[in-house]
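Heavy-atom basis, side chains included; hydrogens, waters and symmetry copies ignored. Below, chains carry the letters A, B, ... as their sequence lines are ordered, and counting in each starts from 1.
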Amino acid sequence: MALAVVSPVRAFATATLAQTAPGGIRGRFILRRAAKPSERRPEVADPGAGAPREPVDRRRAVVYLEQAPRPAFDEREPARASMDQRNERFVPHVLPVMVGTTVDFPNSDLTYHNVFSLSRAKRFDLGRYAAGKSKSVRMDRPGVVRVFCDIHSHMNAYVLVFAHPFFDVTELDGRYELASVPAGTYAVVGWYEGEPRVTRSVTVAAGTWAELDLPEP
Amino acid sequence: MRLVTFVLCLALAGTARAQSLPSEPISVGNGRFVFGGEFFVTYGSEDPGFFNYNDYEYNALRNVRAAVSTEVRISRHVQALGEARLEHGDEFSAYALFVRLKPWAERRFDVQLGRVPPTFGAFTKTIYAYNNIVIGQPLAYQYLLSLRSDSVPGTADDLLRMRGRGWLSEFPVGNPARAAGLPIVNTARYDTGVQVHGVVGLVEWTGAVTAGSLSDPRTGDNNGRPQYAGRVVAHALPGLHFGVSGARGPWLDESLDEPLTGTGAARDYTQTAVGVDVEASHGPWVARGEWLRSSWSLPELGPPAIADPVLADSLIAEARYRLRPGLSLAVRGDGLLFSDVAGAGGVSPWEANVGRFEAAITASVIRNIMAKFAWQRNWREGGRVRHDTLIAGQLVYWF
């Protein structure tokens with residue numbers, strides 16, 4: 001889901017840089033242990049349990065280049081991405097986008113939600129809105145935007161905002177692929193649940209794929 | 001090829017540090033044990049009129065609380081829940097302790113047994129700082145009336161003499177010591193019994209049979225008869241809820257049986273309450289309101305007697321507006337009105353009518369740390385202190 005949402009951004013990056021940089025970096029980000037599913041607070045003040053919900057999938061990480069080649073920062077058309085609110089979860093749990101991307105937050109539940117973030121990269125509060133409605137936020141600074149629901153304290157997610165297109169959400173087995181990276185030496189960062197976990201250096205030869213696994217220390 | 005130094009890493013790390021305190025419950029044992037917590041410090045003006053004193057005889061505007069709640073998931077059908085609290089820095093209590101049974105794991109139907117949360121009313125969660133849009137609680141859920149469960153007035157004049165105390169009262173029948181009165185709905189401790197809860201479509205219902213009363217929740221039975229309470233909430237639309245609550249049960253302690261010989265037993269005197277409430281929210285607004293009426297029947301002893309149950313009406317209205325991310329403004333106005341009682345000196349309300357207006361501004365640096373500053377105006381038609389303006393600040397951390 002996360003990959004599908006981000007794919008327009010990556011496709012654009014590929015089209016822009018493909019003529020000069022057909023190679024890339026790929027490998028696995030090996031997490032020692034995935035975070036536990038987020039739980040509701042103990043409901044000691046409630047007369048009963050909340051509605052059953054599926055656990056949040058927290059097995060995906062993000063791999064990105066710490067530094068990027070100059071063409072990566074060229075002006076490009078604004079993109080759009082979506083983070084759904086479904087069954088009291090944000091879907092996807094991790095959403096990487098480029099600066100300038102407008103992220104939609106549709107409410108697919110029957111109850112109200114109130115999406116907000118107090119992160120320095122983007123502070124916003126969309127207020128309460130009902131099922132079938134959607135509100136949007138333009139991500140205009142790079143950084144991590146931690147997203148919450150003011151009504152349901154167990155709902156949280158991450159939007160990672162990058163100034164360049166060289167990032168990828170890992171597959172469930174940790175595989176990632178940074179396509180169209182021009183030749184050069186780069187620092188590759190593996191990020192998981194709120195912080196960079198590992199950084200490795202890799203050299204990409206022109207027109208080739210560099211293999212790089214990122215084992216979490 | 002020229003490389004441009006990119007500062008994303010710094011931005012990522014900086015934000016991560018700001019969010020490093022736990023922002024969600026701690027889960028161990030593969031989700032079998034879940035821990036939440038609330039920690040707050042409140043410091044405010046002295047309250048010589050006892051407008052904000054609660055059941056534990058402490059000023060709610062001067063409090064330090066550390067509370068840890070736990071949910072133990074024994075199976076999909078059985079959970080044990082509890083909350084331990086340290087209040088005012090030295091008073092430890094098991095606030096909640098109950099077992100939740102879910103006969104059908106996928107259906108919203110629960111049976112809770114033990115020291116269970118309140119069934120009646122829409123504002124019971126204001127005892128939790130992170131659920132309270134201001135700092136003080138609504139008067140109906142905190143303000144101490146002159147009534148006591150272990151001591152009763154012998155005449156209407158005994159009752160009228162205690163008007164407007166807001167704290168300690170004393171009556172000639174039963175326990176002669178001065179002690180704190182009772183609020184209409186006591187949220188300072190949970191009642192003990194069985195609670196059944198279900199959701200059918202847009203309607204949520206709760207019923208409970210417990211040992212104590214609304215005003216006086218108990219760990220064990222103290223009069224031989226239970227209280228029955230119920231609540232129905234209709235989620236008419238997203239963001240629009242209507243609720244109806246009711247409760248009835250004996251409220252006097254059986255230690256009064258002997259003094260009341262000839263007029264009945266303690267269990268014959270009941271507290272009966274009904275309430276209706278509404279909550280509406282949209283965009284940056286949340287608004288709530290509740291009207292409730294409670295009556296307490298009292299023994300008719302000497303003249304002038306208290307012939308009818310004494311009544312209290314409560315009206316609460318509150319609203320919160322989100323000014324900007326992490327900053328909100330909230331106001332609450334509420335009042336208690338009491339029925340008339342005829343004493344030797346004439347007719348007057350059995351308690352002094354009391355009102356409160358409170359405004360608070362809340363700022364959050366991160367999601368689960370908030371600072372509140374509140375201004376509160378209280379007024380009362382009786383007692384030593386007729387009106388008072390108080391201010392308070394509160395720092396809250398929860399996960």
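Within 6.0 Å of atom CG in B:L101, more than 12 heavy atoms from other residues, nucleotides or ligands are found, so the atom counts as buried in its surroundings.
With a 4.5 Å cut-off on non-hydrogen atoms, A:R141 does not touch chain B at all. In this structure, chain A has a heavy atom under 4.5 Å from the side chain of B:Q112, while its backbone stays farther away. Contact annotation for A:P52: only side-chain heavy atoms (C-beta onward) come within less than 4.5 Å of a heavy atom of chain B. Residue contact with chain A, scored on non-hydrogen atoms closer than 4.5 Å, is absent for B:Y95.
Once rounded to the nearest 0.5 Å, the distance linking NE2 of B:H235 with OH of A:Y112 reads 13.5 Å. The distance from atom CZ of A:R41 to atom CG of B:N368, rounded to the nearest 0.5 Å, is 9.0 Å. Note that the OG1 atom of A:T111 and the CG atom of B:L237 stand 13.0 Å from one another [nearest 0.5 Å].
Contact check on B:R320 versus A:D150 returns a salt bridge, with a Lys/Arg side-chain nitrogen under 4.0 Å from an Asp/Glu carboxylate oxygen. Note on A:E39 versus B:R73: salt bridge recorded, some NZ/NE/NH1/NH2 to OD/OE distance being below 4.0 Å. A salt bridge links B:R100 to A:E43: one of the charged nitrogens lies within less than 4.0 Å of a carboxylate oxygen.
Smallest separation of non-hydrogen atoms from B:V34 and A:P42: O-CG, 3.4 Å. Looking at every heavy atom in both residues, A:V44 comes nearest to B:G82 through CG1-O, 3.5 Å. Contact record, B:P325 with A:L118: C-CD2, 3.7 Å, taken as the closest heavy-atom pair. B:P117 approaches A:D46 most closely through the heavy-atom pair CG-O, 3.4 Å.
Options A:A130, A:G50, A:A187 differ in how many heavy-atom pairs under 4.5 Å they form with chain B, and the most are formed by A:G50. Put simply, of B:V286, B:V111, B:V116, B:T119, the one with the most heavy-atom pairs under 4.5 Å next to chain A is B:V286. Ranked by heavy-atom pairs under 4.5 Å with chain A, the first of B:R324, B:R322, B:Q195, B:E83 is B:R322. Most heavy-atom pairs under 4.5 Å with chain A: of the set B:P284, B:S281, B:G326, this distinction falls to B:S281. Listed options B:S364, B:A96, B:G239 were ranked by heavy-atom pairs under 4.5 angstrom with chain A; first place goes to B:G239. Ranked by non-hydrogen atom pairs under 4.5 Å with chain A, the options B:R108, B:E71, B:R231 are led by B:R108.
If you run side chain to side chain contact (heavy atoms under 4.5 Å, CB included) between B:R367 and each of A:S117, A:C149, A:S153, A:S119, only A:S153 comes through.
Below 4.5 Å, heavy atoms of chain A meet heavy atoms from B:K125, B:Y128, B:Y130, all part of residues 123-132 of chain B.
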With side chain to side chain donor-acceptor pair (under 3.5 Å) as the test, would you mind laying out the steps for B:H282 and A:Y129 before giving the verdict?
-> CA-CA 6 Å; B:H282 189 71; A:Y129 55 101; over 6 Å; no
